[in-house]
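Scroll down for the structure; my scribbles are underneath it.
Side chains included, hydrogens not; waters and symmetry mates left out as well; all remaining heavy atoms used. Residue numbers run from 1 in the order of the sequence given. It should be emphasised that the depicted structure is a prediction, and the values quoted were computed from it without experimental measurement. Whatever order the structure lists ligands and atoms in, that order sets their numbers, starting from 1.
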Amino acid sequence: MAESKRDYYQILEVPRNATKEEIRAAYRRLARRYHPDVSKEPDAEARFKEINEAYQVLNNDELRARYDRYGHAGLEQTDLSGFGGFGFGFEDIFSDLFGFGGRASRPGPVRGSDLRYDLEITFEEAVFGCSKEIQIARQETCPECQGTGAEPGTSPIRCPECHGTGQIRRAQQSIFGTFVNVTTCPRCRGTGEIITTPCSTCHGTGRAEQIRRLVVDVPAGVDDGMRLRLSGEGESGLYGGPPGNLYVMLHVKPHPFFQRREDDILLSVNINIAQAALGDEIRVPTLDGEEKLTIAAGTQPGTVVRLKGRGVPRLHRNGRGDQIVILNVSIPTNLDAHQKALLAELGKTLGREVVPQPGRSFIERLKEVFGL
Ligand SMILES: [Zn+2]
Ligand SMILES: [Zn+2]
């Protein structure tokens, strides 16, 4: 049975090496011709199903590759039943083809779709801002026909079916009397106009896909999960509607040791027990390079030191957050004999009493400082 099916390339009237664009264009042309709602062809419904099935296979890289190798037999395990049927996105196909809903009445201006672009940036780029060039593909008003869908030099004619009103009125008799049934004109789909010569660039859709390079200015101080709006950089509108927006979703790569908490930067550093007890001067990394940090004598584990103004620039405002340095006191684990002796000597002088501590614990103090 599968072998009696027609070749998909023949159905779409494209060569076997057709590009995706050619396949898509052929599909649009044929689907418009054989759409059962508008077609006058006697076998429109069967042809329309066939066209849809062929398109769904050839438009899918994996299915197309299998079909190219094994023919219809290669797709026997694939359920294609949904493809040709009318349950499958019937309205979607229609709106895709004609740019508006199949059941819509005379279409007014339609705003273009918003687009989303996911942009990954580094921690530093988020902190200090950056400029990124991105490439997007979007539907724009066809430059050839200015969005009318009619081949330049031709213009749409008034629909002879509805005389340009976009509606069909039919008087109907019922047991309650006569009433007028108003429906959208099936010939022009409510536009009141018929394009006799579709634009060869956009195949009558009025829009064409364009690849655009855009520069995204990422302001200093943005954070992971924020989105930037580029007004009017989405897809073109239809029937004079405004364009949509482009939303750039920001994904910030984590830093190996800096952590961010709003506009503050957290950094944990380890110091040894001698540095903690006697005090020291150390250098710590900041977003602006290394910075000197004085450790006071008698520094306790978990002590927090703030480096004012070394945090993240406040988004759209002046000033910067702080860098918060958490001092961990690391207890040595691999002491040699000499070090052990020194510590033991010290230990004898420190006493062995256990003194219960009143007040807040280390964890509570952390919670207080960081609002964790
Ligand atoms: Zn065009
Ligand atoms: Zn009409």
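Checked options E235, E233, E140; the residue passing with R212 is E140 (criterion: salt bridge (Lys or Arg N to Asp or Glu O under 4.0 Å)).
Electrostatic pairing of D288 and R310 counts as a salt bridge here, judged by a charged N lying under 4.0 Å from a carboxylate O. With respect to D263 and R320, no salt bridge is recorded, no charged nitrogen being found less than 4.0 Å from a carboxylate O.
To the nearest 10 degrees, the Zn ion (ligand 2) sees SG of C188 and SG of C185 at an angle of 100°.
The aromatic ring centroids of F48 and Y34 lie 6.0 Å or more from each other. Between Y117 and Y247, the gap from one ring centroid to the other reaches at least 6.0 Å.
R66 places no side-chain N or O within donor-acceptor distance of the main-chain N or O of L75, the cut-off being under 3.5 Å.
Listing protein N, O or S atoms at distances below 2.8 Å from the Zn ion (ligand 1), with waters left out, gives C142 SG, C145 SG, C199 SG, C202 SG.
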